[in-house]
Participant: 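Following this message is one structure expressed as structure tokens.
We name chains A, B, ... by the order of the sequence lines, and we start the count at 1 in each one. Values reported hereafter were calculated over all heavy atoms of this structure, with side chains retained and with hydrogens, waters and symmetry mates removed.
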4 protein chains.
Amino acid sequence: MLANDRTADKRLRIIQAAIAVFSRKGFHKARVEEIAEEAEVGKGTVYEYFASKKELFLEMIFYAHQKYREFLEQELSKAKTFYDGLQRLFEVTMQFMQRHKEMALVLMADHPMIDEEIHKALRQKEQEQLRFMTGILQDVTRRGEIRPVNLQAAIMVIFGTLYLINGQIVFCDKTQEPDFKQLSQDAIDILMHGLAVK
Amino acid sequence: MLANDRTADKRLRIIQAAIAVFSRKGFHKARVEEIAEEAEVGKGTVYEYFASKKELFLEMIFYAHQKYREFLEQELSKAKTFYDGLQRLFEVTMQFMQRHKEMALVLMADHPMIDEEIHKALRQKEQEQLRFMTGILQDVTRRGEIRPVNLQAAIMVIFGTLYLINGQIVFCDKTQEPDFKQLSQDAIDILMHGLAVK
Amino acid sequence: MLANDRTADKRLRIIQAAIAVFSRKGFHKARVEEIAEEAEVGKGTVYEYFASKKELFLEMIFYAHQKYREFLEQELSKAKTFYDGLQRLFEVTMQFMQRHKEMALVLMADHPMIDEEIHKALRQKEQEQLRFMTGILQDVTRRGEIRPVNLQAAIMVIFGTLYLINGQIVFCDKTQEPDFKQLSQDAIDILMHGLAVK
Amino acid sequence: MLANDRTADKRLRIIQAAIAVFSRKGFHKARVEEIAEEAEVGKGTVYEYFASKKELFLEMIFYAHQKYREFLEQELSKAKTFYDGLQRLFEVTMQFMQRHKEMALVLMADHPMIDEEIHKALRQKEQEQLRFMTGILQDVTRRGEIRPVNLQAAIMVIFGTLYLINGQIVFCDKTQEPDFKQLSQDAIDILMHGLAVK
DNA sequence: TATGAATGAGGGTTCATTCAT
DNA sequence: AATGAATGAACCCTCATTCAT
């Protein structure tokens, strides 16, 4: 069984090693060899599963996105009201970021300065996400849970807030971490006020 | 004075070349030689003014930050009310981003994945900015222009929104640019609702 | 016997695949895996039959040499006169080169720049060939079919000519192929004049 | 002056080092670093002068070709008769090969198995050479120095012979070198008999 | 016997930095 | 002060070979 364990999903082991190393060093400073070591496989083995460093990076991002999406959608599906959904969105996202800071770093790694080509691939994933969220907002507006507003503007406000809070979680010095639970609740409060019907 | 002028001029030319090249290629793919060419100086000259590529990058960021700050503070000082100030903040920022997309890219380049050391240096600048903004929010709260809320939460909401809209401006396909003026106004509206006294 | 047949068959299939791939890609750029695929066997199987890529290359060359020698000697044995033999030598060689351009490329692959070790091994085969041909020339000289000349010089002239014509066949652009039949006949003519008794 | 010497024509030093190393190791096994060492320059310096290993190889070949051509044409221009010219051709070529065995190896390095792309580039140089020689043969035929024969066939005979003799010079074991002077004279004799008017 | 997943040595190339002029 | 030729450390990727099944 041990052999099995070792063989089993070497691909996954490499992706997880990639998450660790890329989030530690960044795309350009991470060495493929280091990822291989972290995954406890040979350097050549990485190339059995991924055509290049860049492809590994992208597949790693897709993997992290998917994990987050799975986590998120499961939680959102339980939401009864918009307020409930908003809370779950923030809570589940922050939880994910806190539990998987490495993945979080990777999920937030979307700047042309990292790599133009990678950036473009990520923009697509993001567009998907935005369309999904716009759909939800349309529903809740129709149901009268929030007042009719420019949905794109609403998305900017909600996800901008979420993004910045996550940035705090991920980037903040351990020493001066604020109370994120409270912070997010207060931010949600402002958002709800902003979007409330009356 | 002439020598001094020339020196100052050369330094500035290098910084501006750095803005152009770094925003085009990203930190790691930009080559010092290319920056030197863009600045029309010799490669060695760059090292007369900046100790390393990384230091040049940081000084370039500081320069862009400063330009933005100057632009911003001048505008904010004219604001009479919080709403006015919020509008000026969004307008001036978006204008800056649109006019100087290169600088904008550079200002948003703050992710450990680009370079851990650079990231740390930038966190400081950001903290400054946040303290400045917290001060303003304290004032307007005291003056009763907005209801008393967790100021850090307010900052997350405001600057998250601003950040995401700017991201749209800077990263969006030219072909499908939304109406940013409208988008920002609608977002401000939501924010004002969220923060309004009643 | 069946197992034996299969074994012999597999070995031969690998050699023929090697001829195809090595002549297509050259020694260094050919990959063992590609040869295995062409032979429709596993990569490891190649190593069951040949100790290394280099040994496979050599055995492939020996195989091609042998095929050519068989082809040639059968034909030369029918020759009644030196002129007849010379014509058969040229004809049969050119036919072989045209029919088996791949093998031809491989037979002409004898340059230290390809691989010093391989080169040395091939020099031996060549020496054999030269001794064989010298023997024939001695006979025809003794029989008075050609005038007495430095036999080594005669070999240089004959085989140099043959070599260059074959080079034309093998390397020439398909688009501007000369009439090789005529070319070789005219070259033989010059050679015969050069070696004729009177 | 020493500094000057060291700086002067670093490019040439690299080409000469390339001749030494490529002829010793062959194209694929030669390491750029070794060439750099032989030229007493840094590895990076090679890339200041040549875009790639392959380009260096080609420029090296062109250099050797040119040196040989210069050497040859100077000598051929002095020839009064075809026989004289033929002797000079053989003599000068063999001398060149003996004096510059390394360059000789490099000049004879023209097989698709070394590198398809390099091979193609070299075919061109060869075509040039052949056209030049065909021109000379036309002249001597017109002048009645040799009987009218298929010129291409004549070229095959002459250059095939020359090629094989050079091969002997370059590739032969030092221990059993024949008398090349005699060998070439005897071969020329056969050629002249073959091409003579009567 | 046959296989192909795993390996890691090896090398071409890039580019930040230095330093002699 | 200004330059750019020279440098070599660093790193991605290839592929011959091995070996457990």
Participant: If only side-chain N and O atoms of D/Lys10 are considered, is one of them under 4.0 Å from the OP1 or OP2 phosphate oxygen of F/dA6?
Facilitator: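 Looking at the OP1 and OP2 atoms of F/dA6, one of them is under 4.0 Å from a side-chain N or O of D/Lys10.
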Participant: Map D/Ser52 and B/Ala51 onto DNA chain E by nearest heavy atom, then report which one ends up closer to the 5' terminus.
Facilitator: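 The 5'-side residue here is D/Ser52.
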Participant: Does NZ or CZ of A/Lys125 come closer than 6.0 Å to the centre of the six-membered ring of A/Phe62, within 45° of the ring's axis?
Facilitator: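 A/Lys125 over A/Phe62 ring: yes.
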Participant: In whole Å, what is the span from the CZ atom of B/Phe50 to the P atom of F/dA2?
Facilitator: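 Roughly 12 Å, once rounded to whole Å.
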Participant: Test of understanding: with side-chain hydrogen bond (donor to acceptor under 3.5 Å, both in side chains), list the residues that count as partners of D/His65, not counting sequence neighbours.
Facilitator: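 For D/His65 there are no side-chain hydrogen bond (donor to acceptor under 3.5 Å, both in side chains) partners, ignoring immediate neighbours.
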Participant: Would you mind checking if B/Asp9 and B/Arg13 are paired as a salt bridge, meaning a charged N to carboxylate O distance below 4.0 Å?
Facilitator: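 Salt bridge: yes.
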Participant: For DNA chain F, please output the secondary structure as dot-bracket, reading 5' to 3'. Pairs are Watson-Crick or G-U wobble, both atom distances under 3.5 Å; mark crossing pairs with [ ], other-strand partners with |, unpaired with a dot.
Facilitator: .||||||||||||||||||||
Participant: With sequence neighbours excluded, what pairs up with A/Lys53 under the salt bridge (charged side-chain N to carboxylate O under 4.0 Å, His left out) test?
Facilitator: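 For A/Lys53, no residue satisfies salt bridge (charged side-chain N to carboxylate O under 4.0 Å, His left out) once neighbours in sequence are set aside.
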Participant: In chain order, what residues pass the side-chain hydrogen bond (donor to acceptor under 3.5 Å, both in side chains) check against D/Glu70, with sequence neighbours excluded?
Facilitator: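 Here the qualifying residues are D/Gln66.
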Participant: C/Arg13 has an atom CZ; how far is it from atom C1' of E/dA2, in whole Å?
Facilitator: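 Interatomic distance, CZ of C/Arg13 to C1' of E/dA2: 12 Å.
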Participant: I'd like to check the salt bridge (charged side-chain N to carboxylate O under 4.0 Å, His left out) partners of D/Lys54; sequence neighbours left out, ordered by chain and number.
Facilitator: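 With sequence neighbours excluded, D/Lys54 shows a salt bridge (charged side-chain N to carboxylate O under 4.0 Å, His left out) to D/Asp115, D/Glu117, given in chain and number order.
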Participant: Just to be sure I understand the geometry, which residues of residues 25-32 of chain C put a non-hydrogen atom under 4.0 Å away from DNA chain F?
Facilitator: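 Residues of residues 25-32 of chain C under 4.0 Å from DNA chain F: C/Ala30, C/Arg31, C/Val32.
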Participant: Over how many whole Å does the gap from A/Glu55 atom CD to F/dC13 atom P extend?
Facilitator: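 Those two atoms, CD and P, are 10 Å apart.
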Participant: If you take any heavy atom closer than 4.0 Å to DNA chain E, which residues from residues 33-48 of chain B end up in contact?
Facilitator: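 Contacts with DNA chain E under 4.0 Å: B/Lys43, B/Tyr47.
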Participant: Starting from P on F/dA1, measure out to CZ on B/Arg11 and report it in whole angstrom.
Facilitator: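 Going from B/Arg11 (CZ) to F/dA1 (P), I get 13 Å.
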Participant: List for me each residue that meets side-chain hydrogen bond (donor to acceptor under 3.5 Å, both in side chains) alongside B/Glu102, sequence neighbours excluded, and say none if there are none.
Facilitator: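 side-chain hydrogen bond (donor to acceptor under 3.5 Å, both in side chains) list for B/Glu102, sorted by chain: empty.
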Participant: Strictly by side-chain hydrogen bond (donor to acceptor under 3.5 Å, both in side chains), give each pair with a member in residues 37-48 of chain C just once, sequence neighbours left out.
Facilitator: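 Non-adjacent pairs meeting side-chain hydrogen bond (donor to acceptor under 3.5 Å, both in side chains): C/Arg24-C/Glu38.
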Participant: Can you list the residues that meet the side-chain hydrogen bond (donor to acceptor under 3.5 Å, both in side chains) rule with D/Arg123, with sequence neighbours excluded?
Facilitator: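 Here the qualifying residues are D/Glu126.
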Participant: Whole angstrom is fine here: how far is it from NZ in C/Lys53 over to P in F/dT17?
Facilitator: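 Rounded to whole Å, this separation is 8 Å.
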Participant: What integer distance in Å separates B/Phe57:CZ from E/dC15:P?
Facilitator: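 The distance from CZ of B/Phe57 to P of E/dC15 comes to 17 Å, rounded to the nearest Å.
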Participant: Could you pull out all donor-acceptor pairs under 3.5 Å where a side-chain atom in residues 105-112 of chain A meets a protein atom, sequence neighbours excluded?
Facilitator:
residue, atom, partner, partner atom, Å
A/Asp110, OD1, A/His119, ND1, 2.8
A/His111, ND1, A/Met113, N, 2.8
A/His111, NE2, B/Leu105, O, 3.1
A/His111, NE2, B/Met108, O, 3.4

Participant: Which residues pass the ring pair (Phe, Tyr, Trp, His ring centres under 6.0 Å) test with C/Tyr68, not counting sequence neighbours?
Facilitator: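 Once residues adjacent in sequence are excluded, the partners of C/Tyr68 under the ring pair (Phe, Tyr, Trp, His ring centres under 6.0 Å) criterion are C/Phe96.
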Participant: What's the OH-P distance between B/Tyr49 and E/dT17, to the nearest Å?
Facilitator: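 After rounding, the gap between these two atoms is 18 Å.
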